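First comes the structure, then the notes that go with it.
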Amino acid sequence: MDHHPKFEGFRFIGDKRTQLVYDLTTWEDDDVVNELVDAGVGLGFGPDTLDEARNRGYTLATPGKKRMLRTPRS
């Protein structure tokens, strides 16, 4: 997928509501990332690695994986 302009410098984007992280180099569904940006619940990681996302409690998203939407804390 093409990187969203807000997250063009990031490979991994996290969803604060579900604690799922999306790898933009392999993720195919643009609608999911656009919805994260529109809702204001997207999160970039620094350093931009999967290990950093996991350190913060995020799990790698896979197509079809669902989690309960929760209200983001920040």
Side-chain angles (χ1 to χ4, degrees):
M1 109 164 247
D2 294 328
H3 284 45
H4 190 279
K6 185 173 181 181
F7 293 106
E8 65 184 342
F10 294 94
R11 176 179 175 184
F12 295 98
I13 304 298
D15 183 346
K16 294 178 187 178
R17 302 167 299 179
T18 61
Q19 294 293 104
L20 290 175
V21 65
Y22 299 90
D23 182 351
L24 298 183
T25 60
T26 60
W27 194 257
E28 299 293 326
D29 189 5
D30 293 345
D31 294 336
V32 173
V33 176
N34 290 332
E35 191 240 330
L36 292 176
V37 173
D38 292 342
V41 294
L43 174 71
F45 301 97
D48 191 25
T49 63
L50 184 55
D51 288 336
E52 180 61 26
R54 287 185 176 145
N55 284 341
R56 295 186 188 193
Y58 285 76
T59 305
L60 185 62
T62 55
K65 189 173 199 173
K66 301 286 183 189
R67 282 192 158 175
M68 182 178 7
L69 292 177
R70 298 179 184 258
T71 305
R73 294 184 185 169
S74 59

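None of the values given here were measured: they were computed from a predicted structure.
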ask   = Any side-chain heavy-atom pair from L36 and Y22 closer than 4.5 angstrom?
value = yes
message = When you group the ILVMFWY residues by side-chain heavy-atom contacts below 4.5 Å and let the links chain together, are W27 and V21 in the same group?
response = no
message = Go through it in stages, so that I can follow the logic: the residues are L60 and L50, the test is side chain to side chain contact (heavy atoms under 4.5 Å, CB included), and I'd like the CA-CA distance, side-chain angles, deciding distance and then a yes or no.
response = CA-CA 8 Å; L60 185 62; L50 184 55; 4.1 Å; yes
task = With side chain to side chain contact (heavy atoms under 4.5 Å, CB included) as the test, would you mind laying out the steps for L24 and F10 before giving the verdict?
result = CA-CA 8 Å; L24 298 183; F10 294 94; 5.5 Å; no
ask   = Among pairs that include at least one residue of residues 34-46, which meet salt bridge (charged side-chain N to carboxylate O under 4.0 Å, His left out), considering only residues two or more places apart or in two chains?
value = R17-E35
What side-chain donor-acceptor pairs closer than 3.5 Å can you find for residues 42-49, not counting sequence neighbours?
unit_1 : atom_1 : unit_2 : atom_2 : d
D48    : OD1    : R11    : N      : 3.4
D48    : OD1    : F12    : N      : 3.1
D48    : OD2    : R11    : N      : 2.3
T49    : OG1    : E52    : N      : 3.1

message = Among residues at least two apart in sequence or on other chains, which ones pass side-chain hydrogen bond (donor to acceptor under 3.5 Å, both in side chains) with T62?
response = none
